[in-house]
Amino acid sequence: KQESIENESEFFKAVGLGKTKRMLLKKIKIKVKIEVKSATEWSVTEKAIFNNTENHKLDQPQEFNSALGKTKQIKSFIENEVIDGHPVLKTVVTLIEPAGFLGKLKAGDEMVFKSWVDKDGFLHGWQSFGEVSCHRVFKNKKGGEAKQEEDQDDVENIKLMKEVQSAKDD
């Protein structure tokens with residue numbers, strides 16, 4: 001579950017989200033589940049925006065339909081970059097058909113994502129578009145979060161995402 005984020009509003013502005021959409025998206029509680037299948041394959045389930053599972057392969061171009069729209073992604077470990085003893089995964093995302101609510105993104109635009117786990121087991125996600133970046137931190141679920149609270153978050157996220165998609169640009 002997302003624990004914290006830095007520079008989210010500036011990042012959202014850079015990709016073309018108006019004030020109303022930024023305010024709604026800031027309320028969404030992103031949850032990510034990662035299942036490692038092998039040293040070069042894993043699946044990521046994102047619950048909040050697109051509510052899907054993607055199967056990823058290291059060093060192979062892949063196409064996905066996600067919250068960003070239709071994208072081509074290449075994931076690789078950054079040579080000689082290690083944080084707290086963990087390698088850093090870099091994802092280069094090329095937009096093929098950007099999601100309609102992302103007003104400034106166009107086909108061919110690139111975003112760069114970096115992911116790593118810190119010494120305390122928190123997953124970090126850094127993302128950039130142009131000169132603007134934001135940094136998310138996700139806490140590791142230890143089984144303490146109540147199912148009822150989790151279900152309530154899911155319902156609220158679905159409602160908020162519908163509002164984002166239908167909100168007028170401002």
Side-chain angles (χ1 to χ4, degrees), residues 1-12 14-15 17 22 24-69 71-95 99 102 110-130 132-158 160-161 164:
K1 187 174 180 179
Q2 185 172 301
E3 178 78 7
S4 66
I5 186 161
E6 297 169 10
N7 209 36
E8 180 180 54
S9 193
E10 290 304 311
F11 183 80
F12 284 161
V15 298
L17 293 173
R22 289 195 311 269
L24 291 168
L25 282 171
K26 287 175 119 178
K27 294 178 182 180
I28 290 178
K29 297 174 183 166
I30 297 174
K31 298 174 194 166
V32 177
K33 178 182 176 185
I34 300 171
E35 182 182 341
V36 177
K37 296 180 177 190
S38 73
T40 60
E41 294 184 42
W42 63 97
S43 66
V44 176
T45 301
E46 176 269 327
K47 287 182 82 176
I49 297 173
F50 206 62
N51 293 311
N52 69 334
T53 299
E54 298 174 339
N55 295 308
H56 297 271
K57 296 180 180 180
L58 197 60
D59 298 319
Q60 293 184 30
Q62 294 179 275
E63 287 188 7
F64 295 101
N65 288 309
S66 70
L68 296 173
T71 63
K72 182 177 96 176
Q73 301 182 18
I74 301 174
K75 297 173 175 3
S76 58
F77 286 109
I78 302 173
E79 195 171 321
N80 299 322
E81 189 166 349
V82 176
I83 297 175
D84 291 331
H86 296 279
V88 176
L89 180 69
K90 178 180 178 181
T91 304
V92 177
V93 176
T94 304
L95 294 152
L102 300 171
E110 280 192 357
M111 299 176 87
V112 176
F113 295 75
K114 292 182 181 181
S115 304
W116 67 93
V117 177
D118 69 17
K119 65 183 180 338
D120 297 318
F122 286 79
L123 173 66
H124 291 254
W126 175 91
Q127 55 196 75
S128 68
F129 176 67
V132 181
S133 64
C134 72
H135 179 193
R136 299 176 192 273
V137 179
F138 297 86
K139 66 181 176 180
N140 190 355
K141 183 178 174 185
K142 303 271 193 238
E145 187 172 342
K147 176 82 170 115
Q148 184 178 2
E149 180 184 336
E150 213 172 292
D151 290 345
Q152 186 176 352
D153 287 349
D154 292 347
V155 169
E156 184 65 19
N157 285 342
I158 290 167
L160 287 167
M161 199 57 210
V164 168

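Two residues are said to be in side-chain contact when any heavy atoms from C-beta on lie closer than 4.5 Å; Met111 and Val15 meet this criterion.
Between the CG atom in Asp59 and the CD1 atom in Ile74 there is a gap of 9.0 Å [rounded to 0.5 Å]. A distance of 7.5 Å separates CG in Leu95 from CZ in Phe129, rounded to the nearest 0.5 Å. In this structure, NZ on Lys37 lies 4.5 Å from OG on Ser43, to the nearest 0.5 angstrom. Annotation: the span from Glu3 atom CD to Leu123 atom CG amounts to 12.0 Å, rounded to 0.5 Å. The structure places OG1 of Thr45 at 9.0 Å from CD of Glu54, a figure rounded to the nearest 0.5 Å.
With sequence neighbours left out, Gln62 forms a side chain to side chain donor-acceptor pair (under 3.5 Å) with no residue at all. Residues satisfying the side chain to side chain contact (heavy atoms under 4.5 Å, CB included) criterion with Gln2, sequence neighbours excluded, are Ile5, Ile30, Arg136, Phe138.
In this structure, Trp116 and His124 have parallel ring planes: the angle between them is below the 30° cut-off, well short of the 60° mark.
Contact detail for Val32 and Ile34: the closest heavy-atom pair is CG1-CG1, 4.0 Å. In terms of heavy atoms, Ser128 sits closest to Ser133 at CB-CB, 3.9 Å. Listed here is the closest heavy atom pair of Gln127 and Phe11: NE2-CE2, 3.0 Å.
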Using distance only, find each side-chain donor-acceptor pair of residues 75-92 under 3.5 Å and give its atom names and separation, not counting sequence neighbours.
unit_1 : atom_1 : unit_2 : atom_2 : d
Lys75  : NZ     : His56  : ND1    : 3.3
Lys75  : NZ     : Gln73  : OE1    : 2.6
Asp84  : OD2    : Lys119 : N      : 3.2

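Side-chain atoms of Asp120 do not come within 3.5 Å of backbone N or O of Phe122 as any donor-acceptor pair.
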